[in-house]
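The block underneath contains the structure these notes are about, expressed in structure tokens.
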Number of protein chains: 2
Amino acid sequence: MSSTCNPARPAGAGSTPPGRRMSAKTYHHGNLRVVLLATARDLLEEQGIAALGLRAITRRAGVSATAAIPHFGSLSGLLSVLAAAGFDELAEALAPVLAQGAAAAGLAYVRFALRNPGLFTLMFRSDAIDRAVPALAAASARTSAMLTRLLGTMPGPQGARTRAGMRAAQWGRVHGLAVLAIDGMLDALLAAEGEDLSLDALVADALR
Amino acid sequence: MSSTCNPARPAGAGSTPPGRRMSAKTYHHGNLRVVLLATARDLLEEQGIAALGLRAITRRAGVSATAAIPHFGSLSGLLSVLAAAGFDELAEALAPVLAQGAAAAGLAYVRFALRNPGLFTLMFRSDAIDRAVPALAAASARTSAMLTRLLGTMPGPQGARTRAGMRAAQWGRVHGLAVLAIDGMLDALLAAEGEDLSLDALVADALR
DNA sequence: GGTTTAAACTTAACAGTGTTAAGAATGATC
DNA sequence: GATCATTCTTAACACTGTTAAGTTTAAACC
């Protein structure tokens, strides 16, 4: 078959040949690494983190239970690479609004979390992922740097005196809103307050 | 050698074993429910959430692997009761500073989280606990009510227009600071910023 | 007091998990 | 075309939460 892909890192753009047969062959099906990540992500958003097992992922991908080991070493290795992709996507979501100020960027942050609740949760589950995995460390550092730059652009209506305090306050608010929103706590707050707002509008208001 | 479960089996001889343990008797030792919760909590703060298994808890408590079932029904039942205790303790920690304003209460919130990182994390792990457990639902509601009252006392230097937006902003900031602090992100921020502050001072500043 | 009943706790077993080890199949390289 | 290194397979191991059935004990009832 001329449709053979290079093992892991094709130096250039991996050309996708027409009529790619995903699981026709038993061995060496070519892009299992990518398929496993996509499968894991689907499973994550469909059924939550608790369902993200090595066997569940491989079963859905149609391969044997241990097929992920050569690619990721372990479950936490796979989850770490998935989390790394999440950090990269978050950075991508933040980049275009960087110039529009912190409120817009904060809103983009929370919206990313709400659009990918499972992935976002996974990104901060330090007992499920391994920060020593190079891809994760790199992606996390990239996103952190962008966040720091972002928080630096904030005007300071806050009462914090130190620069670190100001940034912590801003990041805390944004991250806390994301976490609370995913957990359903903000819906509860809206209900308790009797306010007639969408979740998005609430977050936007809280970030003013 | 560490695999043997129970050194002192009754074995039908004298009904009083020489080495009298905490509660002595093999069956009906009286306060196993409390002991299991305490053991689980120790294990939680010592080794993290990942180590909190039914078998690990009962092994450390010196009882059989299924001894927790009559009391809690399942692992998530046990963890839910533990989380309920956490919510109650959080409310207790917040009560005395309620009159001192939101900054003081926010600081108490974060300090509670930093003093009990495992427990605090567990309280918001919705895939490990079961919010339908009555004790948890009650404790969570109590603490939520106190939080809402607390957030209501805030002065509003924030830009939010709606009451819910203001409260979400405040709660988000406090909760986000707690989560980020536990995850070590605030230490990283301090290091990146080159600021010479304690974590506690940073949080206090961020809450001004 | 003696008997019955209900609960706590036990072992044994089941289905599931992540991981390891060894072998089969294949693409790449000399 | 032969060799080699991967990729993927099956089989097995140690572990998990949970269920079922049996044993021990405390309490309740006559």
Side-chain angles (χ1 to χ4, degrees), chain A residues 1-11 14 17 21-36 39-40 43 47 49-80 127-130, chain B residues 2-17 21-36 40 43 47 49-80 127-130:
Chain A
M1 312 227 155
S2 64
S3 70
T4 59
C5 310
N6 290 334
R9 275 133 236 104
R21 311 205 276 162
M22 230 164 92
S23 55
K25 320 154 79 150
T26 316
Y27 282 71
H28 290 62
H29 80 72
N31 55 345
L32 181 57
R33 189 188 154 96
V34 175
V35 168
L36 286 175
T39 306
L43 207 52
Q47 309 191 26
I49 280 194
L52 257 194
L54 214 36
R55 284 180 131 102
I57 297 167
T58 52
R59 195 183 306 131
R60 177 180 277 216
V63 292
S64 79
T66 59
I69 300 290
H71 295 283
F72 303 99
S74 67
L75 172 62
S76 87
L78 194 160
L79 298 187
S80 302
D127 61 323
I129 62 182
D130 179 5
Chain B
S2 63
S3 60
T4 47
C5 254
N6 210 337
R9 253 335 333 76
S15 73
T16 349
R21 288 182 321 187
M22 186 153 48
S23 303
K25 321 193 264 203
T26 314
Y27 282 69
H28 290 60
H29 80 77
N31 56 343
L32 181 56
R33 189 188 153 94
V34 175
V35 168
L36 285 175
L43 208 51
Q47 308 191 29
I49 279 194
L52 258 194
L54 214 37
R55 285 180 130 101
I57 297 168
T58 52
R59 196 182 305 132
R60 178 180 277 214
V63 292
S64 79
T66 60
I69 300 289
H71 295 284
F72 302 99
S74 66
L75 171 62
S76 87
L78 194 160
L79 298 187
S80 302
D127 61 323
I129 63 182
D130 179 4

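Throughout, a chain's letter reflects where its sequence line sits, starting with A, and its residues are numbered from 1. Predicted model, so just to flag it, every value in this text is computed and none were measured.
- Summarising the geometry, atom CG belonging to Leu36(B) is positioned 9.5 Å from atom CG belonging to Asn31(B); distances are rounded to the nearest 0.5 Å.
- Protein atom CZ of Phe72(A) is 13 Å distant from nucleotide atom C1' of dT7(D), rounded to whole Å.
- Using a 4.0 Å cut-off, no side-chain N or O of His71(B) falls inside it from OP1 or OP2 of dA7(C).
- With distances taken from any side-chain atom of Pro70(A) to the nucleotides dT10(C), dT9(D), dC8(D), the minimum falls on dC8(D).
- Rotation axes derived from the C1' atoms of the five outermost pairs at either end of the helix from dG1(C)-dC30(D) to dC30(C)-dG1(D) lie 0° apart, to the nearest 10°.
- Distance check: Ile57(A) CD1 to Leu78(A) CG gives 5.0 Å after rounding to the nearest 0.5 Å.
- Between the Thr39(A) side chain and the Arg60(A) main chain, no donor and acceptor come within less than 3.5 Å of each other.
- In this structure, Leu32(B) CG and His71(B) NE2 are separated by 4.5 Å, a value rounded to the nearest 0.5 Å.
- A donor-acceptor pair is defined here as one N or O able to donate and one able to accept, closer than 3.5 Å; such a pair exists between the side chain of Ser80(B) and the backbone of Asp130(B).
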Which atom pairs link the protein and nucleotides 14-17 of chain D when you take only N or O atoms and keep those under 3.5 Å?
from: dT16(D); atom 1: OP1; to: Arg59(B); atom 2: NH2; distance (Å): 3.2
from: dT16(D); atom 1: OP2; to: Arg59(B); atom 2: NH2; distance (Å): 3.1
from: dG17(D); atom 1: OP1; to: Leu54(B); atom 2: N; distance (Å): 2.4
from: dG17(D); atom 1: OP2; to: Leu54(B); atom 2: N; distance (Å): 3.2
from: dG17(D); atom 1: OP2; to: Arg55(B); atom 2: N; distance (Å): 2.8
from: dG17(D); atom 1: N7; to: Arg55(B); atom 2: NH1; distance (Å): 2.3
from: dG17(D); atom 1: O6; to: Arg55(B); atom 2: NH1; distance (Å): 3.0

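- Rounding to the nearest 0.5 Å places OG1 of Thr58(A) at 9.5 Å from CD1 of Ile69(A).
- Between the CZ atom in Arg59(A) and the OG atom in Ser64(A) there is a gap of 12.0 Å [rounded to 0.5 Å].
- Nucleotide dT19(C) holds its P atom 11 Å from the CG atom of Asp130(A), rounded to whole Å.
- Closest approach to the Ser64(B) side chain among dA12(C), dC8(D), dC9(C) is made by dC9(C) (side chain taken as heavy atoms from C-beta onward).
- Heavy-atom minimum distance, Ala128(A) versus Ser76(A): O-CB, 3.5 Å.
- For the pair Leu32(B) CG and dA7(C) C1', the interatomic distance rounds to 13 Å; values are reported in whole Å.
- Distance Ile69(A) CD1 to dT17(C) P: 14 Å, rounded to the nearest Å.
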